[in-house]
**Student:** 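Dropping the structure in here first, questions after.
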Amino acid sequence: RERFDSLTLKFTTRGTYSNFSSFLVDLESSLRIVDLVSLGLASDSRDGAEPTYRYDITIRTYWLK
């Protein structure tokens, strides 16, 4: 019997690469264990100073039972 459980979350966000990179650093430094399961990237540029992207993200998080 497993001593832990997990939850898989899928979500989409949009933004610049620098903002997304900061998000990943925050996720990495979180106290909760999180695995990046999949990451999709597509151009979502709109007229602006910095190009934007759409990020399709799947993560899995764990906890003790």
Side-chain angles (χ1 to χ4, degrees):
R1 181 177 157 147
E2 296 291 335
R3 296 178 52 120
F4 63 90
D5 210 347
S6 67
L7 175 67
T8 302
L9 302 167
K10 297 179 183 182
F11 59 96
T12 299
T13 190
R14 289 175 166 76
T16 63
Y17 178 77
S18 60
N19 286 344
F20 183 70
S21 180
S22 293
F23 167 74
L24 289 180
V25 168
D26 290 344
L27 192 62
E28 181 181 29
S29 62
S30 167
L31 293 179
R32 182 169 295 278
I33 297 173
V34 177
D35 286 333
L36 181 62
V37 175
S38 69
L39 173 62
L41 175 67
S43 177
D44 190 42
S45 287
R46 299 189 176 112
D47 293 336
E50 214 176 334
T52 59
Y53 302 93
R54 185 185 80 228
Y55 304 93
D56 299 309
I57 305 163
T58 304
I59 60 174
R60 184 173 297 124
T61 187
Y62 306 88
W63 64 91
L64 293 175
K65 288 185 177 182

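Since we're looking at a predicted model, the values are computed, not measured.
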**Student:** Assign the ring pair Phe20 / Tyr55 to parallel, tilted or perpendicular, where the plane angle (0 to 90°) is split at 30° and 60°.
**Tutor:**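 Phe20 and Tyr55: parallel rings.
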**Student:** Could you tell me the separation between the OG1 atom of Thr52 and the OH atom of Tyr17, rounded to the nearest 0.5 Å?
**Tutor:** 15.0 Å
**Student:** Sort and list the pairs that fulfil salt bridge (charged side-chain N to carboxylate O under 4.0 Å, His left out) and have at least one residue in residues 17-44, not counting sequence neighbours.
**Tutor:**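 Counting only pairs at least two positions apart or across chains, the salt bridge (charged side-chain N to carboxylate O under 4.0 Å, His left out) contacts touching residues 17-44 are Arg14-Asp44, Asp44-Arg46.
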**Student:** Following the transitive rule for hydrophobic clusters with a side-chain heavy-atom cut-off under 4.5 Å over Ile, Leu, Val, Met, Phe, Trp and Tyr, establish whether Tyr53 and Leu24 coincide in one cluster.
**Tutor:** yes
**Student:** What is the distance from atom CG of Leu27 to atom CD1 of Ile57, rounded to the nearest 0.5 Å?
**Tutor:**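 Result: 8.5 Å between the selected atoms.
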**Student:** So how far is it from Leu36 CG to Arg60 CZ, rounded to the nearest 0.5 Å?
**Tutor:** 10.5 Å
**Student:** Could you work out, with side-chain hydrogen bond (donor to acceptor under 3.5 Å, both in side chains) as the rule, every residue matching Ser29, not counting sequence neighbours?
**Tutor:** none
**Student:** How long is the gap from OG1 on Thr8 to CD1 on Ile59, to the nearest 0.5 Å?
**Tutor:**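 Answer for the OG1-CD1 pair, Thr8 versus Ile59, is 9.0 Å.
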**Student:** If you count heavy atoms of other groups shown closer than 6.0 angstrom to NZ of Lys65, is the number above 12?
**Tutor:**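 Above 12, so yes.
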**Student:** Is there a path of hydrophobic side-chain contacts, each under 4.5 Å between heavy atoms, that joins Val25 and Val34?
**Tutor:**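 Cluster IDs for Val25 and Val34 differ.
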**Student:** Do Val37 and Leu7 share a hydrophobic cluster (ILVMFWY, side-chain heavy atoms under 4.5 Å, transitive)?
**Tutor:** no
**Student:** Quick one: does Thr61's side chain have a donor or acceptor within less than 3.5 Å of a partner on Ile33's backbone?
**Tutor:** yes
